[in-house]
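Okay, structure first, notes after.
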There are 2 protein chains.
Amino acid sequence: MNQQKRRIEIYDTTLRDGSQGEGISFSVEDKVRIARRLDEFGVDFIEGGWPGSNPKDVAFFEQMREVKLRHALLTAFGSTRRAGVRPEEDPQIRSLIDSGASAITIVGKSWDAHVIHALRVSLEENLAMIAESVAYLKQHVPMVLYDAEHFFDGYRANPAYALRCLQVAFEAGADRIVLCDTNGGSLPQSIAAIVREVRQALPEAQLGIHTHNDSACAVAGALAAVEEGAMQVQGTINGYGERCGNCDLVPVVAALRFKMGYECLLPDSLRHLTALSQYVDEIANIAPDTRRPYVGRSAFAHKGGLHADAVLKGASYEHIHPEAVGNTRRLLVSELAGSSSIAGKAAEFGIRLDKKSPEARHLMQVVAEHEHAGYSYEGAEASFELLLLRTLGLYKPPFTLKGFRCITEKRGTDKQPITEATVKVEVNGQERLTVAEGDGPVHALDGALRQALLEFYPALERIKLTDFKVRVINGRAGTAAKVRVMIDSTDGEQTWSTVGVSENVIEASWLALVDSVVYGLIRSERLYEALSRPPVLTEKTSSVPTSSPSVSESAAS
Amino acid sequence: MNQQKRRIEIYDTTLRDGSQGEGISFSVEDKVRIARRLDEFGVDFIEGGWPGSNPKDVAFFEQMREVKLRHALLTAFGSTRRAGVRPEEDPQIRSLIDSGASAITIVGKSWDAHVIHALRVSLEENLAMIAESVAYLKQHVPMVLYDAEHFFDGYRANPAYALRCLQVAFEAGADRIVLCDTNGGSLPQSIAAIVREVRQALPEAQLGIHTHNDSACAVAGALAAVEEGAMQVQGTINGYGERCGNCDLVPVVAALRFKMGYECLLPDSLRHLTALSQYVDEIANIAPDTRRPYVGRSAFAHKGGLHADAVLKGASYEHIHPEAVGNTRRLLVSELAGSSSIAGKAAEFGIRLDKKSPEARHLMQVVAEHEHAGYSYEGAEASFELLLLRTLGLYKPPFTLKGFRCITEKRGTDKQPITEATVKVEVNGQERLTVAEGDGPVHALDGALRQALLEFYPALERIKLTDFKVRVINGRAGTAAKVRVMIDSTDGEQTWSTVGVSENVIEASWLALVDSVVYGLIRSERLYEALSRPPVLTEKTSSVPTSSPSVSESAAS
């Protein structure tokens with residue numbers, strides 16, 4: 001069978017199956033935003049929810065009536081009619097039609113044991129439930145899909161009955177027959193064999209595949225099904241979903257397009273893959289998994305000296321070009337890396353550093369010491385750049401810190417605690433003592449520091465904190481563990497991330513905050529012209545300020 | 001070919017390839033502990049490090065001389081000899097022998113392009129490098145393994161040369177020929193086809209497979225290779241490794257044993273799989289991924305009302321029994337769950353709650369409100385149990401909070417900040433005002449609270465905080481985001497987790513801490529006999545204290 005350039009439909013259930021994942025909770029507005037983005041990306045179906053089960057989903061479909069999708073078919077999900085009730089009298093079926101969705105997917109049983117013990121109906125009645133529901137819905141919407149729940153287990157248990165379920169759905173007019181490995185327990189080889197047999201039994205049916213990741217093979221299972229003739233893959237962005245997640249559409253579309261020669265989505269879609277993945281993570285308020293295939297921050301990050309060296313030499317250690325999926329290559333600095341990585345990193349910041357120079361070796365030592373203390377510069381590039389500049393004596397600090405104090409207090413009758421921060425700094429020989437209140441320590445410290453510096457550096461007005469993350473490290477020591485705080489900031493043009501580490505969460509926040517402000521001021525006050533004229537560092541040149549760093553507090557020094 | 005009950009070797013490279021993962025850094029002691037644990041678990045090879053490249057690894061092998069492994073072969077990793085140098089004169093080769101390892105694995109090139117452009121030697125010299133290194137090492141250790149780097153890409157580019165590399169290694173005496181998909185770009189179907197051809201070309205060779213997860217198919221690729229005759233799988237625990245990680249041995253061994261009919265490890269190993277996974281995460285100081293197949297906290301967690309209901313009814317929605325891998329089933333409470341889940345959850349705590357009762361509906365509403373405010377009870381079961389008990393009026397609070405204050409302060413000349421916490425409580429009508437210092441706010445608040453309560457509740461002596469986690473939620477609001485703090489505590493017998501949510505990290509910590517102490521005291525003072533005599537809740541019975549909760553601060557109420 002010639003499968004060259006066959007088009008594979010992408011069916012996204014991030015908003016339905018994906019939203020059942022632990023820790024995921026989408027508001028209606030979140031769902032509408034994601035739906036728009038998925039449509040732009042080019043998916044064929046957007047399964048938006050289960051209106052018959054979740055009032056929030058009814059509201060979602062209501063709002064989607066105002067939204068004109070350009071590519072995707074908005075799809076409502078539900079189940080076959082209840083036993084002993086006609087489809088037209090089943091409120092759940094009614095809700096699917098009322099949703100206004102262009103396509104309807106209904107799930108039904110195909111495993112005889114589930115029909116008998118979970119649904120508690122006869123095998124015949126189940127077939128009627130499937131056929132009648134599909135036929136009825138086909139009268140109301142142009143596209144009806146049938147999800148055969150637990151299909152692979154059902155087929156292994158009773159292949160004749162499982163196929164019969166598919167057959168009645170197909171004959172009733174289902175446009176797609178989707179084989180679901182609902183408990184995620186089927187291995188790809190088994191999925192391939194069964195899909196092959198289903199294709200033989202029902203050669204006219206348009207088959208879809210819906211896998212779960214309980215055996216760590218959801219993506220492979222979906223791709224194996226496509227190889228055997230499935231023309232639709234159902235999954236979620238970033239593999240969200242119950243238990244171990246649904247099939248992750250991200251590596252699926254990349255494999256289909258770049259490795260298997262299929263068409264899918266729109267011609268230009270894949271270059272937006274990384275951005276889409278990050279967008280959905282952001283809406284879901286999930287810390288992105290850096291190791292996500294193709295789109296993770298680490299996906300093309302080379303650490304081992306051997307690899308980094310080879311990558312720099314041009315030899316390919318990458319299976320695809322990062323840019324093809326909108327990602328970038330990174331060289332990591334760590335104890336395992338040789339001086340090649342430090343030099344490569346410095347070059348990224350516009351500093352030409354000879355990897356064999358004493359400066360490079362000193363820098364490696366300083367980095368190693370900080371890492372030993374718990375600093376991680378991954379995800380906090382600006383702090384690393386500051387460490388470089390500070391260690392190499394390449395900028396004049398914009399202020400000196402004299403101290404801070406942070407008080408959080410709550411009386412029994414108060415509804416909220418009060419947080420107040422006091423900061424003392426010195427700028428150009430002038431001391432400033434300021435105080436500010438805030439929702440929490442970071443907010444209050446930021447307010448007090450800003451107050452002190454704003455009169456000297458009005459550019460601070462533009463700089464805002466946009467996000468902060470806290471991570472406890474060395475947790476084995478209990479409450480004496482270290483805390484790593486990362487802060488994202490922006491000046492409206494660029495965003496940068498900084499880090500602070502301390503046993504004290506307040507101090508860790510303070511250190512990350514100071515780095516953030518210093519970095520922002522270095523940019524705005526042009527305290528170091530890194531990006532325009534990279535100096536060659538053999539000795540300190542006169543075009544670069546020569547005063548040694550005098551930041552007197554322990555921020556990353 | 002009859003592959004029934006064939007034994008598959010498990011080769012663990014957590015300590016070498018795995019340690020190259022971003023964010024992973026093992027001390028020598030960490031590695032020794034993990035090595036011991038892996039040996040107990042029953043792996044066949046423990047690849048401990050690269051002595052010729054990393055001084056920490058030299059130290060590791062030194063220490064391992066004192067450790068008697070019972071099952072596993074301690075293995076040192078390195079590369080073929082340098083070009084133009086005899087093996088006996090190559091210090092890196094020497095270091096492999098000096099390590100004292102029982103087995104040595106050397107990696108060599110099998111992709112002609114890499115030989116020419118990265119190694120910069122002739123194709124013939126590369127073959128000599130492979131053959132001579134293997135032969136020389138075979139004179140010094142009983143077991144030599146040859147890792148064919150980038151094998152699948154090399155085979156696709158120049159199959160004759162790639163096979164020739166394997167052949168010279170085999171003829172030189174390599175006991176294992178390991179095919180590595182080093183850049184993780186090969187799909188399982190391609191791996192299967194190539195392994196099949198290698199088996200035909202080298203039927204006597206004992207083949208191993210070493211995949212990476214860049215295409216999200218590392219596990220499936222390894223299993224496909226085993227189906228084609230590979231007898232060894234190389235990978236890491238929890239899939240640690242560079243970029244997107246190595247092949248995760250956890251789902252591999254579960255699939256081999258439970259789904260494919262192979263033998264591996266020791267007869268009883270699989271029941272310890274979850275504990276092993278958590279152990280390695282703990283040593284690596286990595287927050288465990290709750291969605292890990294088989295061993296994640298969510299792997300057998302059922303959220304959707306449909307599924308939870310069916311699971312409770314006995315129908316199987318699980319692909320294996322959680323206990324078979326040392327995991328447990330969980331029912332999650334969330335907005336998506338019906339009252340069945342709440343009742344099921346209450347039953348877990350020994351409370352018989354009729355899912356149709358007004359109490360159940362009130363409880364669902366309270367839970368929904370808390371979730372809306374940012375509370376997540378997943379991973380904080382004790383706080384949820386307290387919420388249940390509090391809402392249902394089932395215990396007498398052991399103390400009343402009157403207030404707290406926490407001060408963190410640092411002068412420019414100080415090395416460390418000082419943190420001081422003051423707490424006011426009332427116990428049995430008596431007021432106590434205490435103060436304590438600590439490394440950070442949680443530590444200080446814990447100290448002050450403990451001081452206040454210890455005279456009334458000496459059992460507090462046994463209760464200790466073991467870990468705390470901080471997560472920023474709703475990060476889009478910048479520094480006014482909410483913070484969720486989770487605390488683990490233990491009384492030496494049981495461990496429990498509690499949660500606090502607030503815009504203020506101090507208050508969030510405080511709330512989690514208070515819940516932790518209250519829960520501990522409820523257990524020790526027997527303020528509620530949940531686990532021994534579940535009451536039937538139709539009205540408040542006389543065996544249960546009837547005073548309504550009067551915790552006057554806003555902890556989860």
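We name chains A, B, ... by the order of the sequence lines, and we start the count at 1 in each one.
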Is there a donor-acceptor pair closer than 3.5 Å between any side-chain N or O of Arg291(A) and the backbone N or O of Gly239(B)?
yes
Assert top hit (heavy-atom pairs under 4.5 Å, partner chain B, pool Pro188(A), Cys217(A), Ala255(A), Ala299(A)) equals Ala299(A)
Assert top hit (heavy-atom pairs under 4.5 Å, partner chain B, pool Gly185(A), Pro293(A), Gly241(A)) equals Pro293(A)
Worksheet entry | Any His319(B) side-chain heavy atom under 4.5 Å of His150(A) side chain | no
Requested in this report: Would you mind reporting whether Ile506(A) and Thr419(B) have side-chain heavy atoms less than 4.5 Å apart?
Outcome: no
Taken to the nearest 0.5 Å, the spacing of Phe404(A) CZ from Asp414(B) CG works out to 9.5 Å
Minimum side-chain heavy-atom gap Met260(A)-Gln189(B) below 4.5 Å:
yes
dist Ile407(A):CD1 -> Glu409(B):CD (nearest 0.5 Å) comes out at 8.0 Å
Val505(B) versus Thr408(A): any side-chain heavy-atom pair under 4.5 Å? no
Cut-off 4.5 Å, heavy atoms of chain B, and the answer for Ala254(A) is neither
Checked Ala220(A), Ala224(A), Ala421(A), Ser215(A) vs chain B; the most non-hydrogen pairs under 4.5 Å come from Ser215(A)
Answer key: most heavy-atom pairs under 4.5 Å with chain A among Asp153(B), Asn504(B), Asn213(B) is Asn504(B)
Note: vs chain B, highest number of non-hydrogen pairs under 4.5 angstrom among Lys259(A), Arg405(A), His212(A), Arg292(A) is Arg405(A)
Bottom line for Tyr240(A): the part with an atom under 4.5 Å from chain B's heavy atoms is both
When rounded to the nearest 0.5 Å, the distance separating CD of Gln416(A) from CD of Glu507(B) is 6.5 Å
